[in-house]
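For reference, the structure is listed below as structure tokens.
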Amino acid sequence: MRVPFIAGNWKMNTTVGEAVSLVREMLPGLDTVKNVEKAVCPPYVSLSAVKEVLEGTSVKLGAQNLYFMEKGAYTGEISPPMLAGLCEYVIIGHSERRKYFNDTDETVNKKIQAALGAGLKPILCIGERLEENEAGKTGEVVTGQLKSALEGIPYPVGFVIAYEPVWAIGTGKPATGEQANDTIGLIRRTVSELYSGEAADDVRILYGGSVTAANTAEFMSRSEVDGALVGGASLKPDEFLSIVTQTAEIR
Ligand code: PEP
């Protein structure tokens, strides 16, 4: 059985002080919820401080990105060994990074390899843009992104995929549960083709895109959906806790 996973992507929000206050506010509630894996992904500069607050609790920590080189003259970048030991997860290939910071299928592949090499668990984000969706290309786009991201990589145990339709991220216009379930089912079948049936049974595939407390049940009641990557709503303690609690109740 796959343990459901809810991860909060704080994006470029919170100073260090705000991040610590936010996680302190969420933690008592989150920590009591069983049978759901929970993680928060604050900005790089807050990872250490948030890690201290999370010490000894059931809430995991993730980063939002990394660079694939180990060290060197790459001003402003953060390498896998810098994150290893600091956090367990790392989001890779988020559509905002693909859109604003030139992440490509090729660099996403390198980042996944680098993350795994450092013992980090990638949360790989894939998803189609609005025009691709409207052109009926969702399946083609997400399976293409998945195959490129995993090319040459043996099945990574502990690997997480987030299906995030770009048109649903931060727009308040989520996919329907049925759309999410169908596309995640296709992604799972592709994992089976690429690796094995066991890999497909093992891999957790989340939905992301305008998930809120109000629509959590719509997604979590679907058999293929293993959890959610939550952006905006993960910055609101009551809302995030409600998403996690509802997930525990439904699954
Ligand atoms: C995200 O950042 O991955 C995301 C899904 O954002 P939001 O929940 O705000 O749409």
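Counting starts at 1 for both ligands and their atoms, following the listed order. For clarity, every value in this text was computed on a predicted model and none was experimentally measured.
What sits closest to atom 1 (C) of ligand 1 on the protein, heavy atoms only, is H94 NE2, 3.2 Å. The single protein non-hydrogen atom nearest to atom 5 (C) of ligand 1 is E164 OE2, 3.1 Å, given as residue, atom name and distance. For atom 8 (O) of ligand 1, the closest heavy atom belonging to the protein is G231 N, 2.8 Å.
Other residues, nucleotides and ligands place more than 12 heavy atoms under 6.0 Å from the CD atom of E77.
At a 4.0 Å heavy-atom cut-off, ligand 1 touches I169 through backbone and side chain alike.
A salt bridge does not link R188 to D201: none of the charged nitrogens lies less than 4.0 Å from a carboxylate oxygen.
The aromatic rings of Y207 and F219 lie parallel to each other, with less than 30° between the two planes, well short of the 60° mark.
The shortest non-hydrogen separation linking L241 to G29 is CD1-C, 3.4 Å. Scanning both residues, L66 and P80, for their nearest heavy atoms gives CD2-CG, 3.9 Å.
For a threshold of 3.5 Å applied to N or O pairs, the pair formed by E96 and ligand 1 contains no separation below that value. Inclusion of T171 in the set of residues having an N or O under 3.5 Å from an N or O of ligand 1 is not warranted.
Take Y155 and apply the side chain to side chain donor-acceptor pair (under 3.5 Å) test, not counting sequence neighbours, and it matches D202. The ring pair (Phe, Tyr, Trp, His ring centres under 6.0 Å) check on F5 picks up Y89, with sequence neighbours excluded.
Within ligand 1, the atoms closer than 4.0 Å to a non-hydrogen atom of L229 are 3 (O), 5 (C), numbered from 1 in the order shown. Proximity to G232 (heavy-atom distance under 4.0 Å) selects the following atoms of ligand 1: 7 (P), 8 (O), 9 (O). Within ligand 1, counting atoms from 1 as listed, the ones closer than 4.0 Å to a heavy atom of G170 are 7 (P), 9 (O), 10 (O). Within the listing of ligand 1, atoms 5 (C), 10 (O) sit less than 4.0 angstrom from a heavy atom of G209.
Not a single heavy atom of A233 sits less than 4.0 Å from an atom of ligand 1. Residue contacts with ligand 1 include A168, since one or more of its heavy atoms lies under 4.0 Å from the ligand.
Although no hydrogens or angles enter the test, the distance criterion places a donor-acceptor pair under 3.5 Å between the side chain of Q64 and the main chain of C41.
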